[in-house]
Amino acid sequence: MRLSAKIAATVALLLAAAVALGACGSQGVSVAKSSPYRRGAVLFRDHCSGCHTLSVVGAQGSATSIKDRVKTTGPNFNIRKENVEQALYAIRNGGFSGAIMPQNLAVGEDAVDLAKFLSRYAGANAKSPPGPSGPPPTGF
């Protein structure tokens, strides 16, 4: 095989591998193009899906069990609910601990759209904590 044929074969193999790896964990955005949350969904897919899980955008970046967890594994937003303020804080400050997540991964309207999307779709599979039972305590 000539050198140019080997180079061409190597390049083709590398491109195929890049396409295959790029598709890992990405099922696509299931938010309608007409939805006010669509832009935030695309931003989440593009900037957050490597470390976080959220089915509506096909993101599978979180560990599925504690033994698979690594330092860069972010919360699974299928089971974790966030509000706009919490999401904006995390986006601006690198999560809540500031250890791994980059700060300001989205800014301005991008950050707001991302936070609104997350507050709308995160926690779809979250279990609500049990409410208080019985009468409220007295004597305080």
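Residues take their numbers from the sequence shown, with the count starting at 1.
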Let me see the working for C48 and L114 under side-chain contact (heavy atoms from CB on, under 4.5 Å), right down to the final yes or no.
CA-CA 10 Å; C48 309; L114 184 54; 4.1 Å; yes
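Taking the six-membered ring for Trp and thresholds of 30 and 60 degrees, F44 and F77 have ring planes more than 60 degrees apart, a perpendicular arrangement.
The two residues R39 and E109 have their closest heavy-atom pair at NH1-O, 3.8 Å. The two residues V31 and Y37 come nearest to each other via the heavy atoms CG1-C, 4.1 Å. Smallest separation of non-hydrogen atoms from S35 and Y121: OG-OH, 4.3 Å.
Under a 3.5 Å cut-off, the side chain of H52 and the backbone N or O of N76 do not form any donor-acceptor pair.
At a cut-off of 3.5 Å, with distance as the only test, a side-chain donor of S55 or N78 sits close to an acceptor on the other residue.
Looking at residues two or more places apart in sequence or on another chain, you find no salt bridge (Lys or Arg N to Asp or Glu O under 4.0 Å) involving D46.
Hydrophobic clustering (ILVMFWY, side-chain heavy atoms < 4.5 Å, transitive): V29 and L105 are in one cluster.
The structure places CD1 of I79 at 9.0 Å from OG1 of T53, a figure rounded to the nearest 0.5 Å. To the nearest 0.5 Å, atom CZ of residue R120 and atom CG of residue L118 are 12.0 Å apart.
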N/O donor to acceptor pairs below 3.5 angstrom from side-chain atoms of residues 81-92, sequence neighbours left out:
| from | atom 1 | to | atom 2 | distance (Å) |
| --- | --- | --- | --- | --- |
| K81 | NZ | S119 | O | 2.4 |
| K81 | NZ | A122 | O | 3.4 |
| E82 | OE2 | R80 | NE | 2.5 |
| E82 | OE2 | R80 | NH2 | 3.2 |
| N83 | OD1 | E85 | N | 3.1 |
| N83 | OD1 | Q86 | N | 2.7 |
| Q86 | OE1 | N83 | N | 2.9 |

